[in-house]
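Here's the structure we're looking at; comments come further down.
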Amino acid sequence: MTAGFSSEFLWGVAFAANQAEGAYDADGKGLSQADVVPFARPGDYVELHTLMSPTPERIARAAATSDTAEYPKRRGSHFYDRWEEDVELFAELGVRALRMSIAWTRIFPNGDDDEPNEAGLAFYERLFRRLQERGITPVVTLSHYEMPLHLVTAYGGWVDRRVIGLFERYAETVMRRYRGLVTYWLTFNEINTTVIEPYTGGGVVDDGSPDRTQRAYQALHHQFVASALVTARAREIDPAFRVGCMLARMLHYPATSDPADVQQAQHDNDMNLLHTDVQVRGAYPGIVRRYWRENGIEVAMAADDERILAENTVDFLSFSYYMTLVSAVEPEKYGATGGNLFSTVKNPHLETSEWGWHLDPIGLRIALTDLWTRYQVPLFIVENGLGATDRVEPDGTIADEYRIDYLRRHLLQVREAVADGVELLGYTAWGGIDIVSASTSQMEKRYGVIHVDLDDQGAGTADRTRKQSFFWYRDLIASDGATLDR
Ligand code: BG6
């Protein structure tokens, strides 16, 4: 039998404030960029990208309404109101870690306010204290697709260098306040989203101008600098803090063994890993500089930026993993399938989820081994899970064997990577509890091991029910992974 997981391994669940909390205007919270993104039916990626990337006019219209049916992230799955019950459920599940995010807009409602909002600070303090009492380690993302909307509309999002200072002030405020309660911090969720979906990742609005890629890379650069400065600040505030970056790992396979396809896959992998090259190694790789040169992209950097990046690399590398992609020099020769924020060439060797995402447990082992070989820093899987439609039986039970199967097959591969020597801090399954989908804003695309009685329109009691996967995951954690073999 393969060696198992250590008793220190951080088994957990993960979600983001903008998808779980709801209560979008409670206790002084400001509107965030996520609060103006409308519900979208899946399937059409052009349509999805349009909806996820609102124009200034659509933002203004959305900001003026209080409609939570059209803008589901405003209501989430009611975590803000039911957090005590949810923490008890997490404790019963036996998790050692809860990966979550702080809504920047609860702390600085507009992003550039003079003073922080005490009600927001107090909310997270209560939550962190309760987690501490229950022996659950918080892993806190500072920015998970939820920057203050005011910074989007008045500053142009992360394209504006002043946002670096505003983010630093927000990060410093929460790191000082929660010292002793929080140890693990992630600066930006899936930082590579800023170049894939610039509104979601960087608050870069689609104003119709042709230079959006240029603006996206500028925004990304500012986020890299902000992340490095916050990492430096964290070390001053508390040397015990551990700061990580967070990447949506998009592992690309070549469509064939034709060296041209293999080289294309290598290129696509390197463009994904440019983010961790900057945040873990401390410098931009040549491949992105060449991309900028050949595409007329000029990223403005201040004199000290490259030194700041080099001197303040992260302590660990966290990542999300849902699927793998396929690279081909002639992609039109193959069929396409869906993915998180993008579509890809279909892999004939893999099945897909209801949403068309490739299901690839072995890819997770490859991703882990690759990242470890390249960077030699501790890794942390902070998102992995299956979005599926669940059926509630007449007796109220939810038999989600498909989710158990997904988690089991992925974790078996994780165990192989750990046995190969990969240093892995933990695994937090997405989303633990059902939440609003990041891409489509659906509620019926469920990731939780805990069901929430809300539908796509937000109708329902919001009552929580343990799914079959809840009991499976509870036993798995209690056994340090030994029940994977059953
Ligand atoms: C990740 C995000 O990209 O994927 C999460 O960090 C998101 O916020 C998750 O929920 C799953 O994507 P979706 O669109 O199915 O919710």
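Remember, it's 1-based here, ligands and their atoms both numbered in the order they're listed. Keep in mind that the numbers below use all heavy atoms, side chains included, and drop hydrogens, waters and symmetry copies.
- Of the residues Tyr155, Trp104, Phe108, the one that meets the ring pair (Phe, Tyr, Trp, His ring centres under 6.0 Å) test with Phe167 is Trp104.
- The ligand atoms of ligand 1 that sit less than 4.0 angstrom from a heavy atom of Ser437 are 13 (P), 14 (O), 15 (O), 16 (O).
- For the pair Ala438 and ligand 1, the shortest N or O to N or O distance falls below 3.5 Å.
- Ligand-side atoms of ligand 1 in range of Glu383: 1 (C), 2 (C), 4 (O), 5 (C), 6 (O), 9 (C), range being under 4.0 angstrom from any heavy atom.
- Heavy-atom separations between Trp357 and ligand 1 include at least one value shorter than 4.0 Å.
- Under the 4.0 Å criterion applied to side-chain N and carboxylate O atoms, Asp434 and Lys467 are assigned as salt-bridge partners.
- Taking 4.0 Å as the cut-off between side-chain N and carboxylate O, Glu21 and Lys29 do not count as a salt-bridged pair.
- With a 4.0 Å heavy-atom cut-off, ligand 1 is reached by no atom of Thr193.
- Note: no N/O pair closer than 3.5 Å links Thr440 and ligand 1 by distance alone.
- Using a 4.0 Å cut-off between charged nitrogen and carboxylate oxygen, Arg446 and Asp400 do not count as a salt-bridge pair.
- In this structure, Arg82 does not pair ionically with Asp86, as no charged nitrogen and carboxylate oxygen lie closer than 4.0 Å.
- Counting only distance, with no hydrogens or angles, the side chain of Arg74 and the backbone of Asp35 share a donor-acceptor pair below 3.5 Å.
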If you apply the rule side chain to side chain contact (heavy atoms under 4.5 Å, CB included), what do you find for Ile164 with Trp158, and how did you get there? CA-CA 8 Å; Ile164 298 176; Trp158 276 96; 4.1 Å; yes
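- Distances below 4.0 Å separate heavy atoms of Asn189 from the following atoms of ligand 1: 6 (O).
- Between Gln19 and ligand 1, a contact under 3.5 Å exists for at least one N or O pair.
- By the 4.0 Å heavy-atom criterion, Trp355 is excluded from the residues contacting ligand 1.
- Ligand 1 does not have Phe15 within reach: every non-hydrogen atom of the residue lies 4.0 Å or more from it.
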